[in-house]
Amino acid sequence: MKQVIKQVLKMLKLSKMSNKALLFMMCLFVAMPSAQAAMRPIPEAQLVNQDGKNVAFYRDLVQGKTAVVNFIFTSCTMICPTQTATLRQVQRDLGTRVGRDVVFISISIDPNTDQPPRLKAFARQFEAGPGWQFLTGNKSVVDKLLRSLNAGVGDISNHSGLVLVINEKKQAWQQLASMPEAKLIQTTIEQVAGPDPAMQSANSRYFPNLPLQTQDGKTVHFFDDVMKDKVVLINFIFTTCPGICSPMTANLAKVQPLLDPRVQMVSITVDPDTDTPQVLKDFASKFKVRPGWLFLTGSAENISAVAKKLGGSGEDKDAHSGILLAGNVQTGDWKKIYATARPEDIALAVGKLLPVR
């Protein structure tokens with residue numbers, strides 16, 4: 001939050017702003033929860049973007065995509081630059097997805113003033129990336145569009161920090177009011193847009209979908225059944241390990257009740273010849289493992305292929321990693337965590353990977 005505000009102050013050369021004004025700006029970031037509004041017909045409107053190109057609002061920008069829409073005017077000194085900086089942060093975090101199945105749209109509510117060169121300069125000020133359209137046009141056309149989007153008529157004295165997240169195909173129309181924070185905007189986009197098709201394709205190519213067996217003797221395919229679209233916490237063990245495996249498993253047994261039920265815990269043996277499903281089941285029972293924690297074995301070839309992709313083990317099983325691998329497979333957000341960290345710290349780190357409900 002403070003970083004966004006500092007960026008805005010720097011851009012506007014308002015570094016001497018009073019503490020009272022700064023406090024007001026920070027208060028703007030206390031976001032109301034997102035509200036699912038009734039789906040509206042998405043209007044068509046002929047507009048002009050920051051490059052001077054004629055664009056059709058629905059046909060060229062919104063159709064078939066998740067559209068993130070906000071409302072600005074370039075002479076605004078408070079809400080607009082602050083929100084644009086926030087959206088730029090979201091754009092960076094979403095990466096190349098913006099411009100593929102997600103589009104950012106900033107509509108000027110002062111179109112008579114905000115001609116394309118002025119919008120282009122405003123966008124450049126915030127380093128807006130590809131996939132972000134800044135729109136202006138005939139005032140009557142813009143006002144009609146604003147009314148259709150339930151954003152009011154272009155009255156710059158009555159400007160709000162409303163952000164819309166729209167997906168026509170999924171009948172989603174989310175209204176984020178009162179200057180929503182970057183995290184709320186990003187989470188709403190990801191919930192509305194669903195899994196990133198490019199990320200899913202990359203994941204399916206990277207992670208082996210080889211058959212393995214659980215401690216209950218059930219065959220699962222590693223990517224489709226264990227990883228796909230999940231938040232996972234993965235470690236590597238073997239049941240005859242004289243070192244870290246038992247203390248690590250004991251610590252994770254303390255972590256498990258602290259985790260959100262949506263987290264899939266996975267322990268993969270690096271000694272599949274010894275660790276049959278029954279051996280793994282007996283090992284898990286020593287630590288009173290609860291449902292939602294898989295212990296996996298399989299052929300030596302399949303286990304080796306999975307472990308190498310996850311950086312879990314080389315040829316020497318005694319050299320296997322004591323690091324936990326936590327990741328949100330859907331978003332591609334991964335982190336490494338020390339297996340001997342405090343259970344509360346592990347649970348907190350993993351929880352940050354979960355989408356907001």
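Along the sequence shown, the residues carry numbers beginning at 1.
- Glu44 meets the salt bridge (charged side-chain N to carboxylate O under 4.0 Å, His left out) test with no other residue; sequence neighbours excluded.
- In plain terms, the two heavy atoms of Asp273 and Ala300 that are nearest each other are OD1-CB, 4.4 Å.
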Exercise. After noting the C-alpha distance and the side-chain angles of Arg88 and Gln91, does the key distance pass the side-chain hydrogen bond (donor to acceptor under 3.5 Å, both in side chains) rule?
Worked result: CA-CA 5 Å; Arg88 178 57 181 135; Gln91 186 185 38; 2.7 Å; yes

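- Comment: Asp101 engages Arg97 in a salt bridge, judged by a side-chain N to carboxylate O separation of less than 4.0 angstrom.
- Contact record, Glu181 with Thr86: C-CG2, 4.1 Å, taken as the closest heavy-atom pair.
- The salt bridge (charged side-chain N to carboxylate O under 4.0 Å, His left out) test applied to Asp224 returns no partner, not counting sequence neighbours.
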For this session: Evaluate the side chain to side chain contact (heavy atoms under 4.5 Å, CB included) criterion for residues Phe57 and Gln46: first the C-alpha distance (whole Å), next the side-chain angles of each, then the deciding distance (0.1 Å), finally the verdict.
Result: CA-CA 6 Å; Phe57 178 74; Gln46 298 299 320; over 6 Å; no

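- For the residue pair Thr239 / Asp275, a side-chain donor-acceptor distance below 3.5 Å is found, with atom types taken as modelled.
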For this session: I would like to know whether Leu87 and Val68 meet side chain to side chain contact (heavy atoms under 4.5 Å, CB included); could you show each step before the answer?
Result: CA-CA 9 Å; Leu87 286 171; Val68 183; 4.2 Å; yes

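- The two residues Asn251 and Ala341 have their closest heavy-atom pair at ND2-O, 2.8 Å.
- Across Gln264 and Val226, no two heavy atoms sit closer than the pair CG-O, 4.0 Å.
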Which donor-acceptor pairs under 3.5 Å do side chains of residues 213-220 form with protein atoms, sequence neighbours excluded?
{"from": "Thr214", "atom 1": "OG1", "to": "Asp216", "atom 2": "N", "distance (Å)": "3.1"}
{"from": "Thr214", "atom 1": "OG1", "to": "Lys218", "atom 2": "N", "distance (Å)": "3.3"}
{"from": "Gln215", "atom 1": "OE1", "to": "Phe295", "atom 2": "N", "distance (Å)": "2.8"}
{"from": "Gln215", "atom 1": "NE2", "to": "Trp293", "atom 2": "O", "distance (Å)": "3.0"}
{"from": "Asp216", "atom 1": "OD1", "to": "Lys281", "atom 2": "NZ", "distance (Å)": "2.6"}

For this session: Apply side chain to side chain contact (heavy atoms under 4.5 Å, CB included) to Trp173 and Leu149, showing your working.
Result: CA-CA 10 Å; Trp173 187 290; Leu149 296 174; 3.7 Å; yes

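- Closest approach of Val48 and Val55 over heavy atoms only: N-CG2, 4.5 Å.
- Of the charged side-chain nitrogens involved, none lies within less than 4.0 Å of a carboxylate oxygen, so that Lys286 and Asp282 do not count as a salt-bridged pair.
- Side chains of Ser140 and Asp143: no donor on one and acceptor on the other come within 3.5 Å.
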Problem set entry | Stepwise side chain to side chain contact (heavy atoms under 4.5 Å, CB included) test for Ile268 and Val306 | CA-CA 9 Å; Ile268 303 171; Val306 168; 4.0 Å; yes

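- Scanning both residues, Val270 and Ile303, for their nearest heavy atoms gives CA-CG2, 4.4 Å.
- Around NZ of Lys170, the count of heavy atoms belonging to other residues, nucleotides or ligands within 6.0 Å exceeds 12.
- Ion pairing between Arg342 and Glu344 holds under the 4.0 Å rule for side-chain N and carboxylate O.
- Defined by atom type and a distance below 3.5 Å, a donor-acceptor pair is missing between the side-chain atoms of Asp114 and Thr136.
- No donor-acceptor contact under 3.5 angstrom links the side chains of Gln89 and Arg92, judged on distance only.
- With a 6.0 Å radius and a threshold of 12 heavy atoms from other residues, nucleotides or ligands, Lys144 has its NZ atom at or below the threshold.
- When only modelled atom types and interatomic distance are considered, Asn70 and Gln83 share a side-chain donor-acceptor pair under 3.5 Å.
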